[in-house]
Amino acid sequence: MNNPSPPVVPRILPRKDSSIVVLTGAGISKESGLDTFRDANGIWSRVSWEDVATPEAFARQPDRVHAFYNMRRARTRSIDVQPNKAHLALALLESLWPGQVLIVTQNVDSLHEKAGSVNLIHMHGNYDEARCNFCGAVVEWIEDMSTEDICSGCVRSGGMRPNVVWFGETPMGLDEITEALLSCDLFISIGTSGNVYPAAGFVAMARRQEQTHTVELNLEPSSGAMMFHEVHHGPATVIVPSYINALLAKI
Ligand code: BJW
């Protein structure tokens, strides 16, 4: 029988009225069956981001971009893709922690909301929504999308696209995120490689307040691991519940 992993012991436990900002990336959804981007078998090892994740790519080859997102949207809707123990632990933290908890996710899946998280910002959007390139209307979208689809706002076709943030576009919710980062007591980064800005710069922003404690929970050291006061490495479904349990044991 395998030995269970030792519990994660936080180096610093915050006061119970502390405000917490959690940044998540593709690594938190890996054990739910969704691919990350930059790992050896990740999405960018099979598809070039220049071909599917820029506004120029959509202008050039909308059918190719739609096919890429239709495939990923269908995958997240399959019955075997469900929130894992890390998503559930964050939802529990939000419901039990006496202070403010904000989850900022770079992920376009809906696993945090399925787990029960409410105070949540999808800074790179969500592919269960479509946006019209012509009039900006945003609508819920669960089926495949194509250039034939007609916008219910302006009644034009050819402009519907996934409501996600591509390279060169401005991430969503940045004012609220910045305000939360500049006033939080604890910043936790989970399952992100720290390669994509502005999210990769959030740890530096949080550290502008001297008292803010910063923690990385990731499978391996991220590109910005040295920026954190505290790091714990291992699978999210193991180290996230363990770390959160230690925080909750304090209240
Ligand atoms: C596990 C695990 C397990 C695995 N348990 N962990 C030069 C310098 C600096 C910046 C730039 C530059 N040139 C251009 C830029 C800007 C650019 C950028 O950052 N480029 C870099 C590549 C250099 N950024 C942008 O363009 C952004 N916009 C912008 O900057 O606007 C300007 C602006 C800024 C501020 C204010 C106002 C304006 C937009 C970026 C959009 C990113 N879009 C994508 C696609 C979204 C839609 C989709 O999903 O298809 O977002 S790209 C992709 O990367 C996706 C992700 O959200 C994002 C981050 O990836 P993530 O989540 O970190 O995944 P991975 O795969 O990289 O890492 C997974 C991690 O998990 C790994 O560490 C694993 O070890 C770990 N792991 N299994 C725990 N079981």
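Each ligand, and each atom within it, is numbered from 1 in the order the structure gives.
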* **Proximity of Glu31 to ligand 1 by residue part, where a heavy atom lies under 4.0 Å** => side chain

* Region of Pro171 engaging ligand 1 - heavy atom pairs below 4.0 Å -> side chain

* Structure fact -> Looking only at non-hydrogen atoms, the one of Ser193, Gly201, Gly27 nearest atom 67 (O) of ligand 1 is Ser193

* Close-contact set for ligand 1 against Gly168 heavy atoms, below 4.0 Å -> 25 (C), 26 (O)

* To do: Please step through side-chain hydrogen bond (donor to acceptor under 3.5 Å, both in side chains) for the pair Ser32 and Asn84, ending with a clear verdict.
  => CA-CA 6 Å; Ser32 292; Asn84 64 45; 3.1 Å; yes

* Structure fact -> Checking heavy atoms under 4.0 Å, the part of Ala53 that sits near ligand 1 is neither

* Heavy atom of Met123, distance to ligand 1 below 4.0 Å -> no

* **Min side-chain heavy-atom separation Asp185-Arg15 under 4.5 Å** => yes

* Dump the intermediate steps for side-chain hydrogen bond (donor to acceptor under 3.5 Å, both in side chains) on Glu31 and Thr237, then the final yes or no. => CA-CA 7 Å; Glu31 292 161 89; Thr237 56; 2.4 Å; yes

* Structure fact -> atom 61 (P) of ligand 1 has as its nearest protein heavy atom Thr192 OG1, 3.8 Å

* What residue and heavy atom of the protein are closest to atom 73 (O) of ligand 1, and at what distance? -> Asn218 ND2, 2.9 Å

* To do: State the atoms of ligand 1, each with its element, that fall below the 4.0 Å cut-off from a heavy-atom position in Gly191.
  => 6 (N), 69 (C), 70 (C), 71 (O)

* Heteroatom distance test (Trp44, ligand 1): nitrogen or oxygen, under 3.5 angstrom -> no

* Assess whether atom CD of Gln61 is packed by more than 12 heavy atoms of other residues, nucleotides or ligands within 6.0 Å. => yes

* Asked: Does some non-hydrogen atom of Gly42 fall short of 4.0 Å from ligand 1?
  -> no

* For ligand 1, which atoms, with element, lie under 4.0 Å from some heavy atom of Leu174? -> 35 (C), 36 (C), 37 (C)

* Please verify whether a non-hydrogen atom of Tyr69 lies at under 4.0 Å from ligand 1. => yes

* Asked: Salt bridge between Glu169 and Arg161, side-chain N to carboxylate O under 4.0 Å?
  -> yes

* Asked: Should the pair Asp128-Arg77 be classified as a salt bridge under the 4.0 Å nitrogen-to-oxygen rule?
  -> yes

* **Atom CG of Asp63: over 12 foreign heavy atoms under 6.0 Å** => yes

* Who's closest to atom 52 (S) of ligand 1 heavy-atom-wise, of Phe167, Trp49, Phe68, Trp166? -> Phe167

* Glu140, CD: over 12 other non-hydrogen atoms inside 6.0 angstrom -> no

* Residues, nucleotides or ligands: over 12 heavy atoms within 6.0 Å of Glu176 CD -> no

* **Ligand-residue contact atoms, ligand 1 with Val196, heavy atoms, under 4.0 Å** => 19 (O), 40 (C), 42 (C), 54 (O), 58 (C), 59 (C)

* **For Gly25, the ligand 1 atoms whose distance to one of its heavy atoms is below 4.0 Å** => 62 (O)

* Would you please say whether a donor-acceptor pair under 3.5 Å links the side chains of Gln106 and Thr192? => yes

* Within-4.5 Å side-chain heavy-atom neighbours: His87 and Ile28 -> yes

* **Atoms of ligand 1, numbered as shown, that sit under 4.0 Å from any heavy atom of Glu220** => 75 (O)

* Structure fact -> Closest heavy-atom approach to atom 45 (C) of ligand 1 among Val65, Val165, Ile43 is made by Val165

* Structure fact -> ligand 1 atoms nearer than 4.0 angstrom to some heavy atom of Thr170 are 37 (C), 38 (C)

* **Distance from atom 51 (O) of ligand 1 to nearest protein heavy atom, with residue and atom** => His124 ND1, 3.2 Å

* What's the verdict on salt bridge (Lys or Arg N to Asp or Glu O under 4.0 Å) for Arg75 and Asp35, showing C-alpha distance, side-chain angles and the deciding distance? -> CA-CA 10 Å; Arg75 172 74 192 124; Asp35 288 333; over 6 Å; no

* **Sub-4.0 Å protein heavy atom near atom 14 (C) of ligand 1** => no

* Structure fact -> For Glu169, the ligand 1 atoms with a heavy-atom partner under 4.0 Å come out as 27 (C), 28 (N), 29 (C), 31 (O), 39 (C)

* Begin from the C-alpha positions of Glu148 and His66 and carry the test side-chain hydrogen bond (donor to acceptor under 3.5 Å, both in side chains) through to its verdict. => CA-CA 11 Å; Glu148 317 276 292; His66 279 313; over 6 Å; no

* Consider every N or O of Tyr197 and every N or O of ligand 1, then say whether any pair is closer than 3.5 Å. => yes

* How does Val108 reach ligand 1, by side chain, by backbone, by both or by neither, if only non-hydrogen atoms under 4.0 Å count? -> side chain

* Starting from atom 64 (O) of ligand 1, find the nearest protein heavy-atom neighbour and note its residue, name and distance. => Ala26 CB, 3.6 Å

* To do: Please examine the side chains of Ser222 and Glu216, heavy atoms only from C-beta on, and report whether any two atoms are closer than 4.5 Å.
  => yes

* Right, does atom 48 (C) of ligand 1 have protein non-hydrogen atoms nearer than 4.0 Å? -> yes

* Could you tell me whether Lys30 approaches ligand 1 through its side chain, its backbone, both or neither, with non-hydrogen atoms closer than 4.0 Å? => side chain

* Structure fact -> Ser29 and Leu111 have their tightest heavy-atom pair at OG-CD1, 3.7 Å

Side-chain donor-acceptor pairs under 3.5 Å in residues 244-251, sequence neighbours left out?
from, atom 1, to, atom 2, distance (Å)
Asn245, ND2, Pro241, O, 3.2
Lys250, NZ, Pro14, O, 3.0

* Starting from atom 23 (C) of ligand 1, find the nearest protein heavy-atom neighbour and note its residue, name and distance. => Asn195 O, 3.9 Å

* To do: Report the part of Ile28 in contact with ligand 1, treating N, CA, C, O as backbone and CB onward as side chain, heavy atoms under 4.0 Å; options are side chain, backbone, both, neither.
  => neither

* To do: Provide, to 0.1 Å, the distance between atom 74 (C) of ligand 1 and the closest protein heavy atom, together with that atom's residue and name.
  => Asp39 OD1, 3.4 Å

